[in-house]
Amino acid sequence: MRYFEFRAMNTVILLAAEGPAERVQAGFLQAQAYIQAAEQRFTRFSEDSELSALNRSAGTWFSASPEMFEVVTLAARLQRQTGGLFEPAILDALEQAGYDRSMEEIRAYGVAAAPVLFRTRQRSIHEALFDELRQEIYLPEGLRLDLGGIAKGWIAEQAARILATCSMACAVDAGGDAFMIGLPAGLDAWRLTLEDPLDETKGLAVLKLPPGAAATSAVTKRRWLQGGEQRHHLIDPRTQQPAETDWLSVTAIAGSLSEAEVFAKALLIGGPAISVQIAQAGGEIEFIAVDRQSKLWGSNHSREYIDV
């Protein structure tokens, strides 16, 4: 297995592939170029991105690229499928919580604003309209989207499919969101470490995964102080506040990385009380959760994915 690592999308990207050295290296460079270009399309931290242009267009129809149209319509479908626990129309809440710049900048300079009162009206992507024939999106005035997580998963999966054209088996891991194609030579599964959300240097288990997707969402990694109060990036759409969760992290296993990423967040926000209901809404979703005592919880078949 050959490896290639770089930073993009505010995280470490790890590419892994098997095959002839020259072909794999070419695949690494193609996948890297794709990720970097796609990041510029979907980031909310650049006024020049297509996402920023879409948000500015609220109140008028926006002519979207095929990539943007696919991700936004996918986000709308998954918002309905998760009962609103995944909601991309939470950009106002993210910014008011202090997440108004990249995590790299927040970690370097902190946030200046003290906590503020949130708007009482909750916005939702279900208010958006879509014209599939013209590939146009209509956002009502005042509605702005954050596609960070779902776009990251979608981009990583597309990059893995590019890499697969140059390799016999490959994987793309984008900060804990991984998409795997084929199997490493001589192995019956991919093996990933399930991190302790309280100490990323420790592993709680080794996961054995088939080709497909796995994504982890946690409330312990993207954190900052705002007016002396601990905040994090996982917004509960029901309160418009950083979520208060029973679990510290959830790893979701699915066929697509976008779905794994979305359901990991929805399960983390929803918690144990409605976890079975949420997982069933995802069809083939399995999950493993870590609570505040580092105990593992999971769906009915989750033990099958833990290497003992």
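Any value given below was found using the heavy atoms of this structure, including those in side chains, with hydrogens, waters and symmetry copies removed.
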> Can you name the closest pair of heavy atoms from Ala252 and Ile285 and give their distance?
Replying inline: CB-CG2, 4.5 Å
> Between Gln280 and Gln277, is there a donor-acceptor pair closer than 3.5 Å when you use the side chain of the first and the backbone of the second?
Replying inline: no
> Under the side chain to side chain contact (heavy atoms under 4.5 Å, CB included) criterion, do Ile137 and Leu129 qualify, and how do the steps go?
Replying inline: CA-CA 6 Å; Ile137 302 169; Leu129 302 175; over 6 Å; no
>> Are the side chains of Arg238 and Leu85 in contact, using a 4.5 Å heavy-atom criterion?
In response: yes
> Would a 4.5 Å heavy-atom cut-off, applied to side chains only, mark Pro211 and Leu183 as touching?
Replying inline: yes
> If two hydrophobic side chains count as joined below 4.5 Å and joins carry through other members, does Leu74 share a cluster with Ile125?
Replying inline: yes
> Under the side chain to side chain contact (heavy atoms under 4.5 Å, CB included) criterion, do Thr251 and Tyr305 qualify, and how do the steps go?
Replying inline: CA-CA 11 Å; Thr251 298; Tyr305 299 97; over 6 Å; no
> Quick one: are Phe287 and Ser275 in side-chain contact, heavy atoms under 4.5 Å?
Replying inline: yes
> Got Glu244 and Asp236 here, is their nearest side-chain heavy-atom distance under 4.5 Å?
Replying inline: no
> Do the side chains of Ser217 and Leu234 get nearer than 4.5 Å, heavy atoms only?
Replying inline: yes
> Roughly how far apart are Lys295 NZ and Leu248 CG, rounded to 0.5 Å?
Replying inline: 14.0 Å
> Is there a donor-acceptor contact under 3.5 Å from the side chain of Arg292 to the main chain of Thr245?
Replying inline: yes
>> Hydrophobic cluster membership, with links at side-chain heavy-atom distances under 4.5 Å among I/L/V/M/F/W/Y: are Leu194 and Leu209 in one?
In response: yes
> Under a 4.5 Å side-chain heavy-atom rule over Ile, Leu, Val, Met, Phe, Trp and Tyr, are Leu257 and Leu147 clustered together?
Replying inline: no
> If every non-hydrogen atom of Leu296 is compared with every non-hydrogen atom of Ala205, which pair is closest and at what distance?
Replying inline: CD1-CB, 4.3 Å
> Is the shortest heavy-atom distance from the side chain of Thr82 to the side chain of Lys265 under 4.5 Å?
Replying inline: no
>> Under the rule for ring-ring contact (aromatic ring centres under 6.0 Å, His included), what residues qualify as partners of Phe263, not counting sequence neighbours?
In response: none
>> Does Ser52 form a side chain to side chain donor-acceptor pair (under 3.5 Å) with Ser49? I'd like the steps, not just the answer.
In response: CA-CA 5 Å; Ser52 294; Ser49 72; 3.1 Å; yes
> Considering residues, nucleotides and ligands other than Glu284, do more than 12 of their heavy atoms fall under 6.0 Å from its CD?
Replying inline: no
> Within the distance-only criterion (no hydrogens, no angle test), does the side chain of Arg2 pair as donor or acceptor with the backbone N or O of Gly19 below 3.5 angstrom?
Replying inline: yes
> Donor-acceptor pair, Arg123 side chain versus Leu91 backbone, under 3.5 Å?
Replying inline: no
>> Looking at Arg77 and Glu259, is any side-chain nitrogen of the basic one under 4.0 Å from a carboxylate oxygen of the acidic one?
In response: yes
> Phe4 and Val24: side chain to side chain contact (heavy atoms under 4.5 Å, CB included), yes or no, with the steps?
Replying inline: CA-CA 10 Å; Phe4 183 73; Val24 167; over 6 Å; no
> Can you list every side chain to side chain donor-acceptor pair (under 3.5 Å) pair that touches residues 24-43, not counting sequence neighbours?
Replying inline: Arg41-Glu50, Arg41-Ser65
>> What's the separation between atom NE2 in His126 and atom CD in Gln79, rounded to the nearest 0.5 Å?
In response: 6.0 Å
> Sequence neighbours excluded, which residues qualify as side-chain contact (heavy atoms from CB on, under 4.5 Å) partners of Leu187?
Replying inline: Pro184
> Which heavy atom of Thr11 sits nearest a heavy atom of Gly175, and at what distance?
Replying inline: OG1-CA, 3.1 Å
> Between Asp307 and Arg191, is there a side-chain N and carboxylate O pair less than 4.0 Å apart?
Replying inline: yes
>> Rounded at 0.5 Å granularity, tell me how far CD1 in Ile35 sits from CG in Leu15.
In response: 5.5 Å
>> Run the ring-ring contact (aromatic ring centres under 6.0 Å, His included) test against Tyr138 and tell me which residues pass, sequence neighbours left out.
In response: Trp61
> Can you name the residues that form a ring-ring contact (aromatic ring centres under 6.0 Å, His included) with Phe86, not counting sequence neighbours?
Replying inline: none
> Going hydrophobic residue to hydrophobic residue with side-chain gaps under 4.5 angstrom, can you get from Val219 over to Leu267?
Replying inline: yes
> Residues two or more places apart in sequence or in another chain: which of them pass ring-ring contact (aromatic ring centres under 6.0 Å, His included) with Phe42?
Replying inline: Trp154
> Is the backbone of Ala218 close enough, under 3.5 Å, to the side chain of Trp247 for a donor and an acceptor to pair up by distance?
Replying inline: no
> Which pair of non-hydrogen atoms, one from Ala215 and one from Ala260, has the smallest distance, and what is that distance?
Replying inline: CB-C, 3.7 Å
> What's the shortest heavy-atom distance between Gly182 and Trp190, and which atoms?
Replying inline: O-NE1, 2.7 Å
> Are Phe179 and Val262 linked, directly or through other ILVMFWY residues, by side chains that come within less than 4.5 angstrom of each other?
Replying inline: no
>> Under the criterion side chain to side chain contact (heavy atoms under 4.5 Å, CB included), I'd like the reasoning laid out for Arg44 against Leu94: C-alpha separation, chi angles, the key distance, then a yes or no.
In response: CA-CA 11 Å; Arg44 67 178 172 92; Leu94 278 169; 4.0 Å; yes
> Are any side-chain N or O atoms of Gln240 and backbone N or O atoms of Ile235, one a donor and one an acceptor, separated by less than 3.5 Å?
Replying inline: no
>> Please report the interatomic distance CZ(Arg23) to CD(Glu18), rounded to the nearest 0.5 Å.
In response: 14.0 Å
> Between atom CD1 of Ile278 and atom OG of Ser299, what is the distance when rounded to the nearest 0.5 Å?
Replying inline: 12.5 Å
> Between Ser258 and Gly153, what is the shortest heavy-atom contact and its length?
Replying inline: OG-C, 4.1 Å
> Hey, are the side chains of Phe62 and Arg56 touching, using non-hydrogen atoms and a 4.5 Å cut-off?
Replying inline: no
> Atom CD1 of Ile13 and atom CG of Asn10: how far apart are they, to the nearest 0.5 Å?
Replying inline: 10.0 Å
> Is there side-chain contact between Leu51 and Ser46, with heavy atoms separated by less than 4.5 Å?
Replying inline: no
> When Arg144 is tested against each of Leu54, Leu139, Asn55 for side-chain contact (heavy atoms from CB on, under 4.5 Å), which residue passes?
Replying inline: Asn55
